[in-house]
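Written out below as structure tokens is the structure these notes cover.
A, B, ... follow the sequence lines: proteins, then strands. Residue 1 opens every chain. It should be emphasised that the depicted structure is a prediction, and the values quoted were computed from it without experimental measurement.
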Number of protein chains: 2
Amino acid sequence: MSISRPPMNIGAVERDTGLGKDTLRVWERRYGFPTPARDAHGERLYSAEQVERLRLIKRLIDQGHRPGRLIGAGSEELTLLSAQSATTTAMPTPPGDIAVTTDDTPASAPSTASAAVSPLIDRVLAQVRGHDLPLLRQTLNQAMLRQGLHRFVVETVGPLNVAIGEAWMRGEIEVFEEHLYTEQITTLLRQAMASLPPAASAPRIVLTTVPDELHTLGLLMAQALLALDGASCIPLGTQTPLFDIAMAAKAHQAHIVALSFSASFPTRQVAPLVAQLRDMLPAQTELWIGGGGSERARAVSGVRVLSSLDAALVALDDWRRNAVLESATLAA
Amino acid sequence: MSISRPPMNIGAVERDTGLGKDTLRVWERRYGFPTPARDAHGERLYSAEQVERLRLIKRLIDQGHRPGRLIGAGSEELTLLSAQSATTTAMPTPPGDIAVTTDDTPASAPSTASAAVSPLIDRVLAQVRGHDLPLLRQTLNQAMLRQGLHRFVVETVGPLNVAIGEAWMRGEIEVFEEHLYTEQITTLLRQAMASLPPAASAPRIVLTTVPDELHTLGLLMAQALLALDGASCIPLGTQTPLFDIAMAAKAHQAHIVALSFSASFPTRQVAPLVAQLRDMLPAQTELWIGGGGSERARAVSGVRVLSSLDAALVALDDWRRNAVLESATLAA
DNA sequence: GTGCATTTTTGTCCAGGACAAAATACGTTG
DNA sequence: CAACGTATTTTGTCCTGGACAAAAATGCAC
């Protein structure tokens with residue numbers, strides 16, 4: 001790759017890494033990293049290497065690590081990352097225990113991430129790296145047909161997402177390859193949903209994300225499962241302003257509003273945003289929160305946190321049972 | 001709509017309106033608008049009304065108006081907007097002439113936006129406002145089947161997008177209704193593309209947007225047309241970092257890279273970004289730029305600006321003719 | 001009108017200070 | 001020794017007010 005990578009200014013770095021300008025400047029002041037060069041006017045110029053490193057740090061922070069420790073380290077992060085992330089991503093990331101266990105012999109644990117969960121996953125990873133789009137499409141399509149939509153989403157796509165993310169961290173996969181993969185899965189899931197029967201009038205569920213949250217994949221997976229179970233989904237795409245989510249719920253008389261927060265969504269904003277939306281919604285409208293960042297909404301009352309994809313189906317089941325009960329009560 | 005709309009802090013306003021924190025503060029300093037209240041700690045609190053107005057101003061700026069004039073005005077903007085935007089959106093927005101023509105009698109011109117271009121469009125608008133998702137789906141689906149993919153995209157979806165945008169400006173449509181519409185079109189187009197034959201090996205085209213640009217609809221429309229014409233499209237979704245776009249083009253040996261810039265993309269960044277990407281790409285790889293913000297890349301050399309959807313097809317045609325010529329030359 | 005120079009407009013960047021909420025450490029008690 | 005409440009550290013975001021360059025508009029000579 002003989003392409004030259006020119007340095008970027010602070011705005012470009014913000015766009016590329018998702019780290020705010022204020023954050024970048026305050027890190028420089030506090031931790032002495034990054035150390036961008038300056039142009040003729042005294043403006044910061046970040047080298048491609050530093051941006052790359054910032055991206056990595058961002059992902060690790062999203063997994064529960066803390067900036068102070070990450071920035072000090074040199075390259076042992078690379079060890080920390082691939083080893084630890086595999087074991088912790090499934091759970092709500094037990095805070096603090098991560099860096100402490102560094103004292104153990106790193107190679108001792110049986111948690112070496114790449115322990116192939118399934119040959120299918122390895123195959124897909126290889127094909128993503130190989131840039132063979134038709135082949136990748138075929139593989140995924142076949143897997144879906146063989147497993148059925150439910151198992152495909154839960155057992156294949158979920159783990160695949162994790163595997164892709166980890167492979168990126170290990171430097172085995174490029175961002176554009178990740179994008180290609182995401183796009184393929186998106187196409188596939190939408191295609192599958194299009195072929196479902198036109199949706200009964202079961203619970204109406206509004207699905208969307210708040211502004212600044214643009215990860216759709218998790219939401220799409222949930223939508224697929226819910227639609228498969230006969231719920232009538234009303235997708236609003238991404239980045240719907242809070243007030244508009246509330247209006248949409250009213251307009252469509254939704255029984256449920258389902259939001260997705262990815263792990264990379266600004267930690268602090270999740271709880272206030274969710275609480276605010278909860279306030280705007282009618283009391284009988286349920287509010288479900290899913291995705292890697294959903295744990296941060298745990299404290300908010302009147303909200304159901306879905307910690308896995310299957311949890312969404314359980315919630316759907318609960319809702320239906322509840323609905324039956326209520327109508328029975330009303331009838332009596 | 002009895003829902004209370006609590007005031008927002010500056011970060012939330014940035015997310016909701018797309019106006020940067022710096023911009024919001026500097027407007028306040030210079031123009032005396034907005035005038036947010038302050039909380040106990042001296043932090044800005046924007047009222048829902050001001051945010052609404054900011055959203056409107058943002059859209060007008062995206063159409064070529066200038067902040068200085070917009071912010072001074074009271075509600076005559078509402079006139080300016082609906083009347084003028086209809087006539088100018090199609091063209092590259094002749095700069096400056098807009099506000100000048102205010103001297104004319106406003107009602108005289110035959111440019112009243114809502115002059116129903118097609119009954120279909122009015123029907124769709126009504127259905128979007130009516131929140132009847134199944135009906136909307138059916139209408140769009142039928143239109144596509146009747147017109148065929150090409151005509152549907154060019155003659156229906158394009159004008160519809162404009163009509164929806166204008167209806168929003170006139171306050172006739174809410175953001176969430178716009179979202180629902182967008183989502184439906186997206187589903188429909190993807191569905192149509194899925195049913196196309198698996199793509200020949202004609203020119204390989206990488207399609208994506210740069211970071212911070214998340215409007216996919218235009219890109220998707222282009223992709224639909226190109227795929228329909230037998231090009232083999234490699235979609236990377238949105239927000240691919242520049243360097244990764246270049247890497248993707250190399251990895252897939254793409255003949256063409258196609259980017260989309262919406263009108264709301266920060267004006268100043270378009271030209272530098274495009275120039276930078278042009279530098280990274282191999283000389284023989286063509287770079288096509290489309291969308292409402294593409295005119296801003298006109299100055300960059302070695303780039304093809306597509307000012308309409310049909311222009312993409314012309315470009316495709318040109319490329320193919322050129323390819324034939326070259327191979328003939330090589331053979332001779 | 002057309003082309004060029006000048007002025008205005010406008011978005012983005014900078015420094016360095018401040019503060020609250022979250023995360024962590026600590027000390028006490030059952 | 002575990003549980004729990006209280007200090008302390010960490011960390012992201014917001015503040016003010018100044019500066020500057022690129023784009024847009026204006027003025028001016030031809």
Filtered N/O pairs between nucleotides 21-23 of chain D and protein, under 3.5 Å:
from: dA21(D); atom 1: OP1; to: His41(A); atom 2: ND1; distance (Å): 3.0

Hey, mind stepping through Glu295(B) and Arg298(B) against salt bridge (Lys or Arg N to Asp or Glu O under 4.0 Å) and telling me if it holds?
-> CA-CA 5 Å; Glu295(B) 293 301 327; Arg298(B) 186 71 75 182; 2.8 Å; yes
May I ask you to check whether Arg55(A) and Gln50(A) show a side-chain donor-acceptor distance below 3.5 Å?
-> no
Side-chain donor-acceptor contact under 3.5 Å, Gln269(A) with Arg296(A) | no
Leu60(B) CG to dT10(C) C1', straight-line distance once rounded to whole Å | 17 Å
Would you mind reading off the distance between Phe265(B) atom CZ and dG11(C) atom C1', rounded to a whole angstrom?
-> 14 Å
Using a cutoff of under 3.5 Å, can you pull out all pairs of nitrogen or oxygen atoms linking the protein to nucleotides 15-18 of chain C, with atom names and distances?
from: dA15(C); atom 1: OP1; to: Arg38(A); atom 2: NH1; distance (Å): 3.2
from: dA15(C); atom 1: OP1; to: Arg38(A); atom 2: NH2; distance (Å): 3.2
from: dA15(C); atom 1: OP2; to: Arg44(A); atom 2: NH1; distance (Å): 3.1
from: dA15(C); atom 1: OP2; to: Arg44(A); atom 2: NH2; distance (Å): 2.6
from: dG16(C); atom 1: N7; to: Arg29(A); atom 2: NH2; distance (Å): 3.0
from: dG17(C); atom 1: N7; to: Arg29(A); atom 2: NH1; distance (Å): 3.1

Audit row: Glu213(A), Ser260(A), side chain to side chain donor-acceptor pair (under 3.5 Å) steps and yes/no = CA-CA 8 Å; Glu213(A) 173 58 71; Ser260(A) 168; 5.8 Å; no
Glu43(B) or Ile61(A): which one's nearest nucleotide on DNA chain D is closer to the 5' end?
-> Ile61(A)
Measure the distance from NE2 on His65(A) to C1' on dT10(D) and round it to the nearest whole Å.
-> 17 Å
N or O in side chain of Tyr31(B) less than 4.0 angstrom from dT10(C) OP1/OP2 = yes
Can you name the one residue among Asp244(A), Thr240(A), Thr238(A), Thr208(A) that meets side chain to side chain donor-acceptor pair (under 3.5 Å) with His179(B)?
-> Thr240(A)
Any side-chain N or O of Lys21(A) under 4.0 Å from OP1/OP2 of dC13(C)?
-> yes
Quick one: is dC14(D) close enough that its OP1 or OP2 comes under 4.0 Å of any side-chain N or O from Asn9(B)?
-> yes
Whole angstrom value for the distance that separates P of dT11(D) from CG of Leu24(A) = 15 Å
Options dT13(D), dG12(D), dG11(C), nucleotide nearest the side-chain atoms of Pro67(A) = dG12(D)
Length of the line joining Asp212(B):CG and dG11(C):P, which is rounded to integer Å = 15 Å
Run the salt bridge (Lys or Arg N to Asp or Glu O under 4.0 Å) check on Lys58(A) and Glu52(A) step by step: do they pass?
-> CA-CA 10 Å; Lys58(A) 174 63 163 42; Glu52(A) 196 57 38; over 6 Å; no
Set of residues satisfying side chain to side chain donor-acceptor pair (under 3.5 Å) with respect to Glu286(B), sequence neighbours excluded = Trp288(B)
Calculate the interatomic distance between Glu14(B) atom CD and dC14(D) atom P; express it in whole Å.
-> 8 Å
Stepwise side-chain contact (heavy atoms from CB on, under 4.5 Å) test for Val210(A) and Phe265(A) | CA-CA 10 Å; Val210(A) 300; Phe265(A) 191 86; 3.8 Å; yes
Aromatic Phe33(B) / basic Arg53(B) pairing, under 6.0 angstrom, 45° off normal = yes
Take the protein atom CZ of Phe33(B) and the nucleotide atom C1' of dT9(C), then report the distance between them rounded to whole Å.
-> 19 Å
For atom CG of Asp39(A) and atom C1' of dT12(C), their distance in whole Å | 12 Å
